[in-house]
Protein chains: 2
Amino acid sequence: MLNWEQLAECLKILGDKTRLHILSLLKEDELCVCELVEILQISQPAVSQHMRKLKTAKLVKERRNGQWVFYSLDGSNYPFFESILETLPDMQKEIEELKKKGLRVLCN
Amino acid sequence: MLNWEQLAECLKILGDKTRLHILSLLKEDELCVCELVEILQISQPAVSQHMRKLKTAKLVKERRNGQWVFYSLDGSNYPFFESILETLPDMQKEIEELKKKGLRVLCN
DNA sequence: CAAATATATAAGCATATGCTTATATATTTG
DNA sequence: CAAATATATAAGCATATGCTTATATATTTG
């Protein structure tokens with residue numbers, strides 16, 4: 001099960017504005033690093049570093065597709081994760097913006 | 001309702017081992033600062049500083065009783081709080097220890 | 001009111017964190 | 001295979017964090 005250390009670690013990882021932003025975006029759909037860079041307006045390494053932390057905490061999983069690495073939610077380890085996700089704002093607008101700019105990698 | 005910043009702030013406050021320990025103790029019963037000092041084995045100011053953070057995040061409320069200040073859980077602001085509390089380990093033993101040592105302030 | 005007890009605040013310090021730029025690695029495509 | 005594109009890692013820096021000790025404030029009690 002979930003131990004002490006892991007819980008604190010998970011919550012620490014969740015307690016960052018940028019990472020919550022990322023998670024709320026992933027709630028809509030899987031996204032690759034370059035798409036997140038475009039939306040979040042921070043450097044590519046900054047995004048990669050956040051993704052590594054989220055992956056280590058088992059909050060996201062990754063899937064490589066060609067040159068891109070797509071990240072998606074994986075909260076199955078944490079009973080409270082669903083509940084936190086629900087409190088995150090809707091990000092459909094930001095995903096739409098991305099499509100309009102023609103920067104969406106996959107064609108949904 | 002709960003905004004962006006507040007959620008990140010709350011989770012950041014939750015993401016600390018010592019504070020999770022405190023919350024799991026408060027799940028059993030309200031406790032005053034000197035009791036927490038005894039259990040956690042950190043300095044009194046360290047405990048007070050944690051309690052201030054927890055109070056600012058509205059995760060605990062305080063009640064003064066004579067010279068003592070008792071803290072108790074107050075997760076009503078966060079829909080996910082119950083769910084996190086459930087994953088915290090049982091602390092009845094540590095409270096019992098305190099009683100045995102005669103360091104329990106209130107006589108329950 | 002003075003002493004005892006409990007708690008809060010201030011200042012300082014070692015370590016952690018989130019970003020940046022520079023660079024390495026991985027994959028595709030001509 | 002070389003160039004282009006995407007991502008990861010390394011190093012450095014400014015700021016945040018959790019603790020400590022010293023001290024201030026609050027309350028009770030003789």
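Protein chains get the first letters and strands the later ones, always in sequence-line order, with residue 1 at the start of each.
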Whole Å only: how far is the [atom1] atom of [X] from the [atom2] atom of [N]?
X       : N      : atom1 : atom2 : result
A/Glu38 : D/dA6  : CD    : C1'   : 15 Å
A/His50 : C/dC19 : NE2   : P     : 3 Å
B/Glu30 : C/dT7  : CD    : C1'   : 16 Å
B/Phe70 : C/dT7  : CZ    : C1'   : 12 Å
B/Asp16 : D/dC19 : CG    : P     : 6 Å
B/Leu14 : D/dT17 : CG    : P     : 14 Å
A/Leu36 : C/dG18 : CG    : P     : 16 Å
A/Ile42 : D/dT7  : CD1   : C1'   : 14 Å

So, OP1 or OP2 of [N]: does either fall under 4.0 Å of a side-chain N or O from [X]?
X       : N      : result
B/Lys53 : D/dT17 : no
A/Tyr71 : D/dA8  : yes
B/Ser43 : D/dC19 : no
A/Lys17 : C/dG18 : no
B/Arg52 : C/dT7  : no
A/Thr18 : C/dC19 : yes
A/Arg64 : C/dA26 : no

Just call it for A/Lys12: base, sugar-phosphate, or nothing, with non-hydrogen atoms closer than 4.0 Å on any strand.
->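 Touches sugar-phosphate only.
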Establish whether the base of C/dT7 is bridged to the side chain of B/Gln49 by a donor-acceptor pair shorter than 3.5 Å.
->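 There is none.
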Donor-acceptor pair (no angle test) under 3.5 Å: A/Gln44 side chain, D/dA8 base |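 When only heavy-atom distances are counted, A/Gln44 does reach the base of D/dA8 through a donor-acceptor pair under 3.5 Å.
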State which of C/dT7, D/dT21, D/dT5 makes the closest approach to the side chain of A/Gln67.
->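 Within the option list, the nearest is D/dT5.
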Would you name the heavy atoms of B/Leu14 and B/Leu23 that are closest together and state the gap between them?
->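 Answer, listing the atom of B/Leu14 first, then B/Leu23: CD2-CD1, 3.4 Å.
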Decide yes or no for [X] and [Y]: does some side-chain heavy atom of the first lie under 4.5 Å from some side-chain heavy atom of the second?
X        : Y        : result
B/Tyr78  : A/Thr87  : no
A/Asp29  : A/Arg104 : yes
A/Leu106 : A/Asn65  : yes

5' precedence on DNA chain C between A/Asn65 and A/Pro45 (nearest-nucleotide basis) =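 By nearest-heavy-atom nucleotide position, the 5'-most residue is A/Pro45.
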Secondary-structure string, 5' to 3', Watson-Crick or G-U under 3.5 Å, | for another-strand partners, for DNA chain C = ||||||||||||||||||||||||||||||
Positive for side chain to side chain contact (heavy atoms under 4.5 Å, CB included) with B/Leu36, one of B/Leu98, B/Ile42, B/Leu31 |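 Answer to the side chain to side chain contact (heavy atoms under 4.5 Å, CB included) test with B/Leu36 among B/Leu98, B/Ile42, B/Leu31: B/Leu31.
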Taking A/Leu25 as the fixed residue, which of A/Glu30, A/Glu35, A/Met91 is the one that meets the side chain to side chain contact (heavy atoms under 4.5 Å, CB included) rule?
->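 Of A/Glu30, A/Glu35, A/Met91, side chain to side chain contact (heavy atoms under 4.5 Å, CB included) with A/Leu25 is met by A/Met91 alone.
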Nearest-nucleotide comparison on DNA chain D, the residue closer to the 5′ end among A/Trp68 and A/Ala46 |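 By nearest-heavy-atom nucleotide position, the 5'-most residue is A/Trp68.
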For B/Tyr71, check ring-ring contact (aromatic ring centres under 6.0 Å, His included) against everything at least two apart and list the hits.
->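 Per chain and number, B/Tyr71 pairs via ring-ring contact (aromatic ring centres under 6.0 Å, His included) with no residue.
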How far does CG of A/Leu59 sit from CD of A/Glu9, to the nearest 0.5 angstrom?
->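 Taking CG in A/Leu59 and CD in A/Glu9, the distance rounds to 10.0 Å.
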